[in-house]
Amino acid sequence: MKQRQLGGEGKGAPGGGTQRCYTYTITVKRFHPAALSFLPRYNAVWIIFFILGLGTLLPWNFFMTATMYFTSRLKDPPMGLTNQTLNQTLKEEDSRSVLEAKFNNVMTLCAMVPLLIFTCLNSFIHQRIPQKLRISGGLVVILIVFLVTAILVKVDMAPLPFFAITMIKIICINSFGAILQGSLFGLAGILPASYTTPIMSGQGLGGAFAAFSMICALASGSALQDSAFGYFITACVVISLAIMSYMALPRMEFFQHYMETNRSRPSADEENKMDLLNKGAAHKLVEIWVMALSVCLIFTVTIGTFPAVTVEVKSTVANGGTWETYFIPVACFLLFNMMDWAGRSLTAVCMRPGIDSIWLPVLVAARLVFVPLFMLCNVQPRYYLPVFFSHDAWYIIFMIFFSFSNGYLASLCMCFGPKKVPPHEAETAGAIMAFFLSLGLALGASVSFAVRAMI
């Protein structure tokens, strides 16, 4: 037997901030240093968690950024798709059908409420359904939904049935996505703090990738039907990659070490299988309540305005030019996702404010200012509030700080939460943090109706 200390995947492992190191007694024959020596060079486990993070939010982002495709099929009377181009769908209509006008709000609500419900249910079923089945099963179901969505692109359908089927698919991908996300954060809680960062960074890249794909389709001027089909097939490829990555994860010696160490601790199984509402989990919530409420508020503010409000802002400098076509795809979707990704990724090298700093909740609360700022931009149509920030530059500046702060502060909270409890309780704490993240998303989706109505 030999004493060794392991606190990360290696000296080259991504991540910053203070990490706890624990001394474990291990058998040299089973965990010889040479068995782990090749992993730091490639950061294999870090990369796998990045791909899995990409797979959790990519489905939702592809649905969200394909809004033009969905709304084009909700026009009254319905419009043919064969000769319709993406550029043509961006032209403003004099009037919109009820389904078209309410699509963004209803889509957000149908995404975030199931996300909350199934994140909560995940805390109960994670002791009854194996982790492997929860993660791999969730990815497979999402893959099937996207395959069906790609097929339906080629099928003509009346607006109302199409609207209903689309909302059912959004409910489905976010329900299984909630189980996937909660299980993934719980799994990352067993590893060092830096291994939550690749999940958050991968989620941020998912949005940027979807937005970039949409812009490429706009630039190509391809038919709407072909572009939408390409969107969803691309999502299928990425989800398939995530499934293969998860299958490779248990073969990594570094990952095996932490799983074995977690199982070897006294009462580890009982601690990791606690429900959110039992006494033990309530004790954990007391320890992490600041982080939990912070991540909830972060996403309440974000989803309360993005995309339901931000996507309705119109350019005041385009004057019918090319910028009018690219304004929302670039200034809203791409800019938000790129800066959000940058914020999430920054926690790999910088984790300030620290885990116990008062500045973290203060900065989170300060993000409330973005709600009135976006409401006073050139959101159209509007009935009550004046336009105070009419120039496009104001909107872009607000979006930069709004999205960067979302990614950075949320990633800090998700990293710090599981580290405020003992290591053998980290998986349950990670699940609790995922629940409050989903609660913020659901609250934000509900608030978005009121925010939009006040404009």
Side-chain angles (χ1 to χ4, degrees), residues 57 60-61 63-68 70-71 74 90 92-93 96 98-113 115 170 207 210-211 214 296-318 324 326-340 343 364-407 409-410 440-455:
L57 279 192
W60 160 241
N61 279 287
F63 268 86
M64 183 172 60
T65 56
T67 298
M68 292 179 296
F70 291 119
T71 55
L74 298 175
L90 285 174
E92 182 156 1
E93 301 292 332
R96 296 183 297 175
V98 174
L99 295 178
E100 188 181 1
K102 297 297 182 183
F103 180 81
N104 285 319
N105 286 104
V106 177
M107 175 185 67
T108 304
L109 192 64
C110 286
M112 301 314 170
V113 172
L115 189 65
I170 290 173
M214 180 178 63
C296 180
L297 181 57
I298 288 170
F299 285 100
T300 299
V301 172
T302 298
I303 302 301
T305 53
F306 177 88
V309 174
T310 58
V311 78
E312 302 286 356
V313 175
K314 307 300 180 183
S315 172
T316 58
V317 301
E324 186 171 339
Y326 290 95
F327 176 64
I328 289 300
V330 173
C332 181
F333 288 116
L334 183 62
L335 184 59
F336 175 89
N337 286 294
M338 289 300 295
M339 295 307 300
D340 177 67
V364 168
R367 293 187 77 250
L368 286 167
V369 73
F370 289 114
V371 177
L373 289 179
F374 280 119
M375 292 172 68
L376 295 174
C377 287
N378 189 36
V379 180
Q380 298 295 336
R382 63 193 303 118
Y383 305 99
Y384 305 110
L385 297 179
V387 176
F388 192 79
F389 303 104
S390 60
H391 199 280
D392 295 4
W394 286 111
Y395 176 77
I396 292 173
I397 291 171
F398 297 155
M399 184 60 72
I400 290 173
F401 287 100
F402 173 71
S403 53
F404 182 85
S405 62
N406 176 79
L409 295 176
L441 294 173
L443 290 175
S446 302
V447 168
S448 70
F449 283 89
V451 173
R452 186 63 183 92
M454 287 188 293
I455 300 175

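- Shown are Phe374, Phe398, Phe370; of these, the ring-ring contact (aromatic ring centres under 6.0 Å, His included) with Phe389 is made only by Phe398.
- We find the OG1-CZ distance between Thr108 and Phe306 to be 9.5 Å, quoted to the nearest 0.5 Å.
- When only modelled atom types and interatomic distance are considered, Thr302 and Asn406 share a side-chain donor-acceptor pair under 3.5 Å.
- The minimum heavy-atom distance linking Val379 with Arg452 is given by the pair CG1-CZ, 3.8 Å.
- For Met338, the CE atom counts as loosely surrounded, since its 6.0 Å shell holds 12 or fewer non-hydrogen atoms of other residues, nucleotides or ligands.
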Quiz item: Hey, mind stepping through Asn105 and Leu109 against side chain to side chain contact (heavy atoms under 4.5 Å, CB included) and telling me if it holds?
Solution: CA-CA 6 Å; Asn105 286 104; Leu109 192 64; over 6 Å; no
Quiz prompt | side chain to side chain contact (heavy atoms under 4.5 Å, CB included) assessment of Glu312 paired with Asn104 | solution = CA-CA 10 Å; Glu312 302 286 356; Asn104 285 319; 3.9 Å; yes
Exercise. Dump the intermediate steps for side chain to side chain contact (heavy atoms under 4.5 Å, CB included) on Leu297 and Arg367, then the final yes or no.
Key: CA-CA 9 Å; Leu297 181 57; Arg367 293 187 77 250; over 6 Å; no
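- When all heavy atoms are compared, the tightest approach of Thr65 to Ala210 is OG1-CB, 3.6 Å.
- Remark: Phe404 pairs with no residue by the ring-ring contact (aromatic ring centres under 6.0 Å, His included) rule, at least two apart or across chains.
- Atom CG of residue Leu409 and atom CD1 of residue Ile298 lie 5.0 Å apart, to the nearest 0.5 angstrom.
- Residues passing the side-chain hydrogen bond (donor to acceptor under 3.5 Å, both in side chains) test with Asn337, sequence neighbours excluded: none.
- Across all non-hydrogen atoms, the minimal contact from Ala331 to Ile396 is CB-CG1, 4.1 Å.
- Atoms NZ and CG, from Lys314 and Asn378 in turn, are 9.0 Å apart once rounded to the nearest 0.5 Å.
- The CG atom of Leu335 sits 10.5 Å away from the CG atom of Asp340 when rounded to the nearest 0.5 Å.
- The main-chain N or O of Leu376 is never found under 3.5 Å from a side-chain atom of Arg382 such that the two would form a donor-acceptor pair.
- Contact detail for Thr316 and His391: the closest heavy-atom pair is OG1-CA, 3.7 Å.
- With values rounded to the nearest 0.5 angstrom, Thr305 atom OG1 is found 8.0 Å from Phe336 atom CZ.
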Exercise. Could you go through the side chain to side chain contact (heavy atoms under 4.5 Å, CB included) check for Val313 and Cys332 one step at a time?
Key: CA-CA 9 Å; Val313 175; Cys332 181; over 6 Å; no
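- No donor-acceptor pair under 3.5 Å is formed between the side chain of Asp392 and the backbone N or O of Ser315.
- The structure places CD1 of Ile170 at 6.0 Å from CH2 of Trp60, a figure rounded to the nearest 0.5 Å.
- Summarising the local packing, CZ of Phe401 is surrounded by 12 or fewer heavy atoms from other residues, nucleotides or ligands at distances under 6.0 Å.
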